[in-house]
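Whatever order the structure lists them in is the order used to number ligands and atoms, beginning at 1.
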Amino acid sequence: MKDFNMNIQRISDLPSLPQRTTDSHKGTFGKVLIIAGSPGMTGAACLSGMAALRGGSGLVFIATPVSVQSIVASVNPCYLTIPLKMDSEDQLTPESRSNLLDQLSGFDAVAIGPGCGQRPWVRDLTLHLYEKLTEPLIVDADGLNSLAAADSPLPDPAGPRILTPHPGEFSRLTNVSIKEITANRETHALEFARQRKVILLLKGAGTIITDGSRIAVNPTGNAGMATGGTGDVLTGLTTSLAGQGLPPFDAAQLGAYLHGLAGDLAADDLTQPAMIAADLIDYLPDAWHEILANQTSE
Ligand SMILES: NC(=O)C1=CN([C@@H]2O[C@H](COP(=O)(O)OP(=O)(O)OC[C@H]3O[C@@H](n4cnc5c(N)ncnc54)[C@H](O)[C@@H]3O)[C@@H](O)[C@H]2O)[C@@H](O)CC1
Ligand SMILES: Nc1ncnc2c1ncn2[C@@H]1O[C@H](COP(=O)(O)OP(=O)(O)O)[C@@H](O)[C@H]1O
Ligand SMILES: [Mg+2]
C-alpha cells in the first residue's frame, strides 16, 4: 500500500527551518564533518563542503587524504580541513584514525563518501562509523559502495543514518537491477529503509525520501542536474541540515527540496545544458530566499 502522505504541495508543507535568533552564534547552527575527496576527485569534497556552508552550518570540516588537503583547502577559505594519513596498505595510520575518531563526538552530523574512491580506508571507516557513530551519519557515493561491498550483513546502526544513493549505487546495495529499481522505486525504497532502519533518499527525477513508513516524492529539480557533482552538493546540504538539528527525515526532505529548487533557478537563468554542479551552490541563496519568503507569508 503506497503511503504518499508527505508529498510537498506547498512550501509550508516543508519541515520547519532552523530559526536564527539575534543572539545566535556559530555553535547554534551545527558543526559538521564531511569525509570526502581523493586524488582526482577533490571536487566532490569541495562541492559538498561548500554546500554545507550554504546550507547554513556554523562550522564545516572536510577530512580528506593529506595528499590532497592543500588542494581542497585552497578552493574555499570558509571550511576547515583535517588531514587523513595513510599507511602502505592504504589504511589510515593508527594516529590518523584515532585523531579522527576522538573528534567525532564534537560534530553534530558526519558524512562519508563523496569522491573518496573505493579504497581500504574508506571501507574500514564507513563500516565503523555506520555501526558505531551515535550522531547522524550521511552515507553517499563511495561510502555506499563500501556498504555494498561489506562481507557480512549491515548491523543495526547506533544512530540516525541517511543513505543517498542514485539507482546505480542502490542497485549495488540491494543486488536488484537498475531496471527493476527504476520500475518500482517506491517499493524498493520503502522495503530497504524499513529493513535497514535508515532514511533512504533515492535520487533521480522525483527523488524519494522514506523512513520505511512515511514517503515523500520531491517535486523540485530538473534534467539540467544530470551533471557530475550535483549529488555531492546534495550530500553537503543534507549533512548541514541534519547538523542544524532537523530530524533526519526532515533534513533529507528539505535538503532534496532546496537542492532541486536551486537547480530549477539555475536552469531558468543558465539553461539545463549549460548548468553545472557548482551553479547549485551559487543558486542556493536564491532557493533559501524563496523558501524563507514563503514560510513567513503563508
Ligand atoms: N568532481 C568530482 O570530484 C566528482 C566526483 N564524483 C565521485 O565519483 C565517484 C563515482 O560516482 P559516480 O556516480 O560518478 O559513478 P557510479 O559508477 O557510482 O555511478 C554512475 C552509474 O550509475 C548509474 N546511474 C546513476 N544515476 C542513474 C539513474 N538516475 N538512472 C539509472 N542509472 C543511473 C549509471 O549506470 C551510471 O553510469 C563518487 O565518489 C562520486 O562522489 C562524482 O560525484 C562526479 C564529480
Ligand atoms: N533528470 C533529473 N531530474 C531531476 N534531478 C536529477 C535528474 N538527473 C539527476 N538529478 C539529480 O542530480 C543528482 C545526481 O546525483 P549523483 O548521481 O550522485 O551525482 P554525482 O555523484 O555526480 O554528484 C541527484 O540529486 C539527482 O536527483
Ligand atoms: Mg553521487
Could you go through Leu125 and Ile112, starting from their C-alpha distance and side-chain angles, then the distance that decides it, and tell me whether this counts as side-chain contact (heavy atoms from CB on, under 4.5 Å)?
CA-CA 9 Å; Leu125 197 53; Ile112 187 163; 4.0 Å; yes
Taking only heavy atoms of [X] into account, list the atoms of ligand 1 that are under 4.0 Å away from them.
{"X": "Asp232", "answer": "4 (C), 5 (C), 6 (N), 41 (O), 42 (C), 43 (O), 45 (C)"}
{"X": "Gly113", "answer": "39 (O)"}
{"X": "Gly168", "answer": "22 (O), 23 (C), 24 (N)"}
{"X": "Arg172", "answer": "16 (P), 17 (O), 18 (O), 19 (O)"}
{"X": "Ala44", "answer": "1 (N), 2 (C), 3 (O), 5 (C)"}
{"X": "Ala141", "answer": "38 (C), 39 (O), 40 (C), 41 (O)"}
{"X": "Gly43", "answer": "1 (N), 3 (O)"}
{"X": "Pro114", "answer": "41 (O)"}

Identify, for [atom], the protein heavy atom at the shortest distance, and state residue, atom and that distance.
{"atom": "atom 12 (P) of ligand 1", "value": "His166 NE2, 4.2 Å"}
{"atom": "atom 45 (C) of ligand 1", "value": "Gly229 N, 3.5 Å"}
{"atom": "atom 35 (O) of ligand 1", "value": "Ile178 CD1, 4.1 Å"}

- request: Under the side-chain contact (heavy atoms from CB on, under 4.5 Å) rule, what do Leu84 and Leu100 come out as? Steps first, then yes or no, please.
  value: CA-CA 8 Å; Leu84 298 175; Leu100 184 71; 4.0 Å; yes
Quick check on the hydrophobic clustering: are [X] and [Y] connected, directly or via other members, by side-chain heavy-atom contacts under 4.5 Å?
{"X": "Met50", "Y": "Ile276", "result": "no"}
{"X": "Leu280", "Y": "Val75", "result": "yes"}
{"X": "Ile35", "Y": "Met41", "result": "no"}

Under 4.0 Å between heavy atoms, the region of Met41 that gets near ligand 1 turns out to be both
Heavy-atom distance from [atom] to the protein below 4.0 Å?
{"atom": "atom 30 (N) of ligand 1", "value": "yes"}
{"atom": "atom 2 (C) of ligand 1", "value": "yes"}
{"atom": "atom 10 (C) of ligand 1", "value": "no"}
{"atom": "atom 26 (N) of ligand 1", "value": "yes"}
{"atom": "atom 39 (O) of ligand 1", "value": "yes"}

Quiz item: Is it true that atom NE2 of His128 has more than 12 heavy atoms of other residues, nucleotides or ligands lying nearer than 6.0 Å?
Solution: yes
Asp151, CG atom: more than 12 neighbouring heavy atoms under 6.0 Å:
no
Q) Has the side chain of Thr230 got a donor or acceptor atom that lies under 3.5 Å from a matching backbone atom of Thr227? A)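 Yes, the answer is positive, given that a donor and an acceptor are paired below the 3.5 Å cut-off.
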Is any N or O atom of [X], backbone or side chain, closer than 3.5 Å to an N or O atom of ligand 1?
{"X": "Gly115", "value": "yes"}
{"X": "Lys203", "value": "no"}
{"X": "Thr42", "value": "no"}

Any side-chain heavy-atom pair of Val110 and Ile138 under 4.5 Å
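In short, these two side chains do not touch, never coming nearer than 4.5 Å.
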Compute whether any side-chain donor of one residue and acceptor of the other, for [X] and [Y], lie under 3.5 angstrom apart.
{"X": "Glu290", "Y": "Asn294", "answer": "no"}
{"X": "Thr126", "Y": "Asp124", "answer": "no"}
{"X": "Thr81", "Y": "Gln69", "answer": "yes"}

List, pair by pair, the atoms of ligand 2 and of the protein that are both N or O and lie under 3.5 Å apart, giving the separation rounded to 0.1 Å.
from	atom 1	to	atom 2	distance (Å)
ligand 2	3 (N)	Asn222	O	3.4
ligand 2	12 (O)	Met225	O	3.2
ligand 2	12 (O)	Thr230	OG1	3.1
ligand 2	15 (O)	Gly231	N	3.4
ligand 2	18 (O)	Lys203	NZ	2.7
ligand 2	19 (O)	Gly231	N	3.2
ligand 2	22 (O)	Gly229	N	2.8
ligand 2	23 (O)	Gly229	N	3.1
ligand 2	23 (O)	Thr230	N	3.2
ligand 2	23 (O)	Gly231	N	2.7
ligand 2	23 (O)	Asp232	N	3.1
ligand 2	23 (O)	Asp232	OD2	3.4
ligand 2	27 (O)	Gly204	N	3.0
ligand 2	27 (O)	Gly204	O	3.2
ligand 2	27 (O)	Thr207	OG1	3.3

Checking Phe107 against Phe61 for the ring pair (Phe, Tyr, Trp, His ring centres under 6.0 Å) test, could you report, in this order, the C-alpha distance in whole Å, the side-chain angles of both residues, the deciding distance, and whether it holds? CA-CA 9 Å; Phe107 292 101; Phe61 286 73; 5.3 Å; yes
Do [Y] and [X] meet the salt-bridge criterion of a basic N to acidic O distance under 4.0 Å?
{"X": "Asp140", "Y": "Lys203", "result": "yes"}
{"X": "Asp108", "Y": "Lys31", "result": "no"}
{"X": "Arg54", "Y": "Asp282", "result": "no"}

